[in-house]
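This report concerns only the one structure given below.
None of the values given here were measured: they were computed from a predicted structure.
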Amino acid sequence: MRGKGSTLGLSLLPVFMWILIQSIVVLAFTPAMLGLGNLLSVLGLETQGFYEFLNTNGSYLIYLLMDGGVLIPGIFWFRRLPPRQEKRRGGFFGITPGGILLLVLAGFGLQMLSNLFLSFVFEAFPGLMESYAQVLENLGMNHPAFLSLLYTVLLAPATEELLFRGLTLRILEGPFPFWTANTLQAFYFGVIHGNLVQGGYAFLAGLVMGYLVKRKGTLAAGVLCHFGVNFSGVLLGLL
């Protein structure tokens, strides 16, 4: 069995892989889009609409490419890990239709608890509200478009659950007890959100979703709950 020190190092690799792919996408996006625009121009096609689309949706395209780019190696890596002993059979990835509904509703409940947490934080530290509002604006949570919804509601839950509850948690569960492994992966999950406010409730949500994956024996449990969190977040942003 791998030692605890080497396991801790290995458990960081999914995050490093994600950061590497994010960096490649960010660096390559502008040259690639300029090249595509030049190609359209050479072909005699109208480019004004293309550049207007990039101006409005460029950040969402980057998010989609970053997460989409990590799904392929992430899935191959995940398939090489030993399956969970708790893995269930039948239903949707081992979850009954009623279980699917309960997991999505659990995500709604987590979102409500997050909002309660945020109300206390902003009451105590009102200066944090501005930076957090900017994060939501960048993600298109308050004025969702098709691409921002595709990223926020569908792709982000699948990618983040694969990385943290699929890869990181499974790696850590080798030499560590479950709750130690779960706390570590939730800590990583909080840190990668990049700001104190999101990181706080992401850590708590990560603990819950790690428990659900362990309890249900399938990564789909985390994805469904995460979907509920993000989808209800979009609805609340609209309201």
Side-chain angles (χ1 to χ4, degrees), residues 9-81 131-171 185 188-199 202 206 219 222-223 226-227 229-231 233-234 237:
L10 183 61
S11 71
L12 292 170
L13 288 183
V15 176
F16 289 152
M17 176 180 70
W18 195 17
I19 293 173
L20 175 62
I21 291 174
Q22 286 179 332
S23 301
I24 292 171
V25 169
V26 169
L27 291 173
F29 184 79
T30 298
M33 292 302 102
L34 288 175
L36 182 56
N38 291 334
L39 177 61
L40 293 175
S41 181
V42 168
L43 294 175
L45 301 175
E46 175 60 48
T47 59
Q48 181 178 352
F50 171 72
Y51 287 116
E52 289 177 351
F53 174 80
L54 286 181
N55 185 54
T56 304
N57 298 281
S59 60
Y60 306 142
L61 280 175
I62 291 174
Y63 290 138
L64 288 168
L65 289 170
M66 288 191 301
D67 276 21
V70 83
L71 274 178
I72 297 173
I75 289 171
F76 277 106
W77 189 353
F78 179 71
R79 289 173 64 87
R80 293 179 64 87
L81 294 175
S131 61
Y132 179 69
Q134 186 59 53
V135 170
L136 295 184
E137 185 65 29
N138 291 340
L139 291 174
M141 295 286 280
N142 297 329
H143 306 284
F146 173 74
L147 290 182
S148 68
L149 285 174
L150 181 62
Y151 167 74
T152 304
V153 176
L154 296 179
L155 191 58
T159 303
E160 293 175 8
E161 291 308 305
L162 174 65
L163 287 174
F164 293 96
R165 266 62 72 181
L167 295 176
T168 304
L169 180 59
R170 290 297 289 130
I171 291 168
Q185 67 81 18
Y188 298 168
F189 184 54
V191 169
I192 61 96
H193 279 78
N195 66 83
L196 187 61
V197 176
Q198 269 193 308
L219 186 61
V223 175
H226 204 145
F227 164 81
V229 171
N230 287 17
F231 181 65
V234 171

| said: Rounded at 0.5 Å granularity, tell me how far CD1 in I21 sits from CG in L65. | reply: 11.5 Å
| Exercise: identify the closest heavy-atom pair between G166 and L219 | N-CD1, 3.5 Å
| query | Mind checking whether Y63 and Y151 have parallel, tilted or perpendicular rings, split at 30° and 60°? | reply | parallel
| query | Please, which pairs that meet salt bridge (Lys or Arg N to Asp or Glu O under 4.0 Å) have at least one residue in residues 25-54, sequence neighbours excluded? | reply | none
| request: For F231, enumerate each residue passing the ring-ring contact (aromatic ring centres under 6.0 Å, His included) test, keeping only those at least two apart in sequence or located in another chain. | output: F227
| said: Do I192 and W18 have side chains that approach each other closer than 4.5 Å (heavy atoms only, starting at C-beta)? | reply: yes
| field | Minimum heavy-atom distance L162-I75, with the two atoms named | value | CD2-N, 3.7 Å
| query | Under the ring-ring contact (aromatic ring centres under 6.0 Å, His included) test, which residues partner Y188, sequence neighbours left out? | reply | none
| remark: Residues at least two apart in sequence or cross-chain that pass side chain to side chain contact (heavy atoms under 4.5 Å, CB included) with V26, listed by chain then number, are I62, M66
| Is atom CG of L43 surrounded by more than 12 heavy atoms (other residues, nucleotides or ligands) closer than 6.0 Å? | yes
| request: Could you pull out all residues at least two apart from S23 that satisfy side chain to side chain contact (heavy atoms under 4.5 Å, CB included)? | output: I19
| task | With sequence neighbours excluded, give me every salt bridge (Lys or Arg N to Asp or Glu O under 4.0 Å) pair touching residues 152-161. | result | E161-R165
| task | Determine whether W77 and L13 make a side-chain contact, defined as any pair of heavy atoms from C-beta on separated by less than 4.5 Å. | result | yes
